[in-house]
J.: 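Following this message is one structure expressed as structure tokens.
As the structure lists them, so they are numbered: ligands from 1, and atoms in each ligand from 1. Computed from heavy atoms alone, side chains included, the values below leave out hydrogens, waters and symmetry copies.
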Amino acid sequence: RSHVPSRIAVVGTGYVGLGTAGLLAHLGYRVTGIDIDPDKIAQLQRGVVPIHEPGLDLLLASQEDRITWTTDYQAVAEADVIFICVGTPPGPDGTPDLRYVTGAARSIAAYLGDRPQVIVNKSTVPIGTGDFLQRLLEDHAPQFDETRHRVASNPEFLREGTALADSLYPDRIVLGGHPEAVEVLARLYGPLIEQSFTAPQGIGRPDSYSRPAVVRTTLQSAEMIKYAANAFLALKISFANEIAGLCERVGADIQEVTTGIGLDGRIGHRFLQAGLGWGGSCFGKDTQGLISAGREHAYPMPILQAAIDVNYRQRNVVVEKLLRHLKSLKGKRIAVLGMAFKPNTDDLRDAPAHDLIARLHQLGATVLAHDPVAMPRAEREWSHLTYTAAPDPATALRRADAAIIATEWEEYALLNWRDLVGTMRQPLVVDARNMLRETLPAQVEQIGRES
Ligand code: UGA
């Protein structure tokens, strides 16, 4: 029989861990957030949220009575459900590095109690990690009892920037593992499944939303669902980008084409936005992760490899467009608007702007880069790149030979482009995210449509 959970431990305070902690506290549970990084925990204890995620500060502040932040794994002993939300960065050959999962599991093992407890993996982990986790706990937990301690997989499908709405109003909740563990989690998520909670301030329930589907699976299927979902979304984007390249050559318009195909319910219009391709910490890592799982089983994954190749080729398309107009980039001033891998985040991981800035510099250009929120982070994480940080878009564009929109921040759409292009040395704008709607007194190049 499954118990009714009330105390939760969340290990790892990155995007997934913080979101999970905030969500579960909002649903009424007592949550302990654990991280091995004392600086992060000290910040959280002071009410400072170490990442930029809209609405997260407010949600965590509103739940401060229910959440305790600590570096001490002791709280695991009292928890009914323990979530593992640590990073799984890709190793040199694309295989996810499980050192943080292993570390977390060992620390959890030391404190497992004699009560029924479910240890849930929310990190994206190679298929088979659930079993591995079970064995680790068996080997390292003095109190381990397989009828009381169950391992489960509950993958997360949230997007950075809309993490809270994605977790509060998900399409589906995937619960993998032993049926008893799955039942505990189904109870835990009861208020979410029934949508019986009050929406937190600023994160209202979307009009068309009713409630999530609950998908009960084996551990392995749940782990595979996470990878396959990300790989499929990545594939859609690369597909749109591949078609976009041909559109340019035959005089078709990718926006019209994706609208036209997306209306077929079997295809859908989402994640068909052509542009600079995907970035971020997930799509690159997870497509590579699946390929490396295939490799382990001598099973090639040609579709995924092609999606990756198309994605990274896309970063060069922008440079080719510049070269077509400017011939050479030597000594040219190029403004890059947007550094984060997508809007509403300061996350720079695998951001297309990174490769773009590196390439522009390599070709002899002077790069002026701007981002509404990611510049302080870029100063720390991109110190190996050569560019000048521009305090605002106008400064970046002044006397520039070309401007590239690399991230579709809303504030770039609201700029007075008419005036701004007038301040450029040459009015050339490569809108690599197809976001500009007005006709400008400038050369405007977009992706997959005629200029
Ligand atoms: C992605 C998935 O969307 C989430 O469902 C998943 O939970 C998450 O990875 C994860 O595995 O943790 P995220 O990386 O936050 O979320 O970002 P997305 O919003 O999916 O965007 C990924 C990239 O694709 C961005 O660089 C974006 O600019 C690009 N993109 C997206 C396109 O180029 N075209 C599109 O049509 C959509």
J.: Indicate yes or no: does an N/O atom of G279 lie under 3.5 Å from an N/O atom of ligand 1?
T.: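 Indeed, backbone or side chain, G279 has an N or O that close.
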J.: Quick one: does Q314's side chain have a donor or acceptor within less than 3.5 Å of a partner on G275's backbone?
T.: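 Yes; judged by distance alone, with no hydrogens or angles, the pair exists.
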J.: With distance as the sole criterion, is a donor-acceptor pair present between the side chains of Q220 and D131 under 3.5 Å?
T.: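 The answer is yes; a qualifying pair exists.
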J.: Which of the atoms in ligand 1, numbered in the order shown and given with their element, are less than 4.0 Å from a heavy-atom of K226?
T.: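 The atoms of ligand 1 under 4.0 Å from a heavy atom of K226 are 6 (C), 7 (O), 10 (C), 11 (O), 12 (O).
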J.: Quickly, which of L290, D350, T88, N230 forms a side-chain contact (heavy atoms from CB on, under 4.5 Å) with K285? Name it, please.
T.: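 Testing each of L290, D350, T88, N230 against K285, the sole residue satisfying side-chain contact (heavy atoms from CB on, under 4.5 Å) is T88.
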J.: Heavy-atom pairs closer than 4.0 Å: do any link ligand 1 to the side chain of L158, the backbone, both, or neither?
T.: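 Under 4.0 Å from ligand 1, L158 contributes backbone atoms alone.
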J.: T162 side chain to A165 main-chain N or O, any donor-acceptor pair under 3.5 Å?
T.: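 Side chain of T162 to backbone of A165, a donor-acceptor pair under 3.5 Å: no, none is there.
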J.: Taking 4.0 angstrom as the limit, do E381 and R349 come out as a salt bridge?
T.: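 Looking at E381 and R349, the cut-off is not met.
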J.: Report yes or no: does H26 contribute a side-chain atom to a donor-acceptor pair with the main-chain N or O of T198 at less than 3.5 Å?
T.: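 Judged by distance alone, yes, a pair lies under 3.5 Å.
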J.: Of the protein's non-hydrogen atoms, which lies at the shortest distance from atom 3 (O) of ligand 1, and what is that distance?
T.: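 Ranking protein heavy atoms by distance from atom 3 (O) of ligand 1, first comes R159 CG, 3.2 Å.
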J.: Donor-acceptor pair, distance only, cut-off 3.5 Å: does the side chain of Y412 make one with the backbone of P393?
T.: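 No; zero donor-acceptor contacts below 3.5 Å.
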J.: Considering the heavy atoms of L272, write down every atom of ligand 1 situated less than 4.0 Å from one of them.
T.: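 Here the atoms of ligand 1 in question are 36 (O).
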J.: More than 12 heavy atoms of other residues, nucleotides or ligands under 6.0 Å from CZ of F239: is that the case?
T.: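 At most 12 heavy atoms, drawn from other residues, nucleotides or ligands, come within 6.0 Å of this atom.
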J.: For G277, counting its heavy atoms only, list the atoms of ligand 1 lying under 4.0 Å from any of them.
T.: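 Answer, ordered by atom number: 33 (O).
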J.: What atoms of ligand 1 come closer than 4.0 angstrom to any heavy atom of N230?
T.: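 By the 4.0 Å cutoff, the relevant atoms are 2 (C), 4 (C), 6 (C), 9 (O), 10 (C), 11 (O).
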J.: Is there a salt bridge (charged side-chain N to carboxylate O under 4.0 Å, His left out) between R449 and D431 once you walk through the steps?
T.: CA-CA 11 Å; R449 49 207 327 206; D431 173 12; over 6 Å; no
J.: Could you tell me, atom by atom, which parts of ligand 1 come under 4.0 Å of a heavy atom of I237?
T.: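 Under 4.0 Å from I237, ligand 1 has these atoms: 24 (O), 29 (C), 30 (N), 31 (C), 32 (C), 33 (O), 34 (N), 35 (C), 37 (C).
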J.: Looking only at heavy atoms, is any part of K342 under 4.0 Å from ligand 1, and if so is it the side chain, the backbone, or both, or is it neither?
T.: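 Just the side chain.
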J.: Considering G280, A432, C282, S238, which one's heavy-atom position lies nearest to atom 9 (O) of ligand 1?
T.: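 Shortest heavy-atom distance from atom 9 (O) of ligand 1: C282.
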J.: Given F157, F271, W278, which has its nearest heavy atom closest to atom 37 (C) of ligand 1?
T.: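 Looking at heavy atoms only, the winner is F271.
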J.: Please state which option from Y15, Y227, F341, F283 has its nearest heavy atom closest to atom 1 (C) of ligand 1.
T.: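 Looking at heavy atoms only, F283 sits closest to atom 1 (C) of ligand 1.
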J.: Where is the nearest protein heavy atom to atom 28 (O) of ligand 1: which residue, which atom, and how far?
T.: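 Closest protein heavy atom to atom 28 (O) of ligand 1: R433 NH1, 3.5 Å.
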J.: Among K122, E156, Q273, E160, whose heavy atom sits nearest atom 15 (O) of ligand 1?
T.: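 Looking at heavy atoms only, E160 sits closest to atom 15 (O) of ligand 1.
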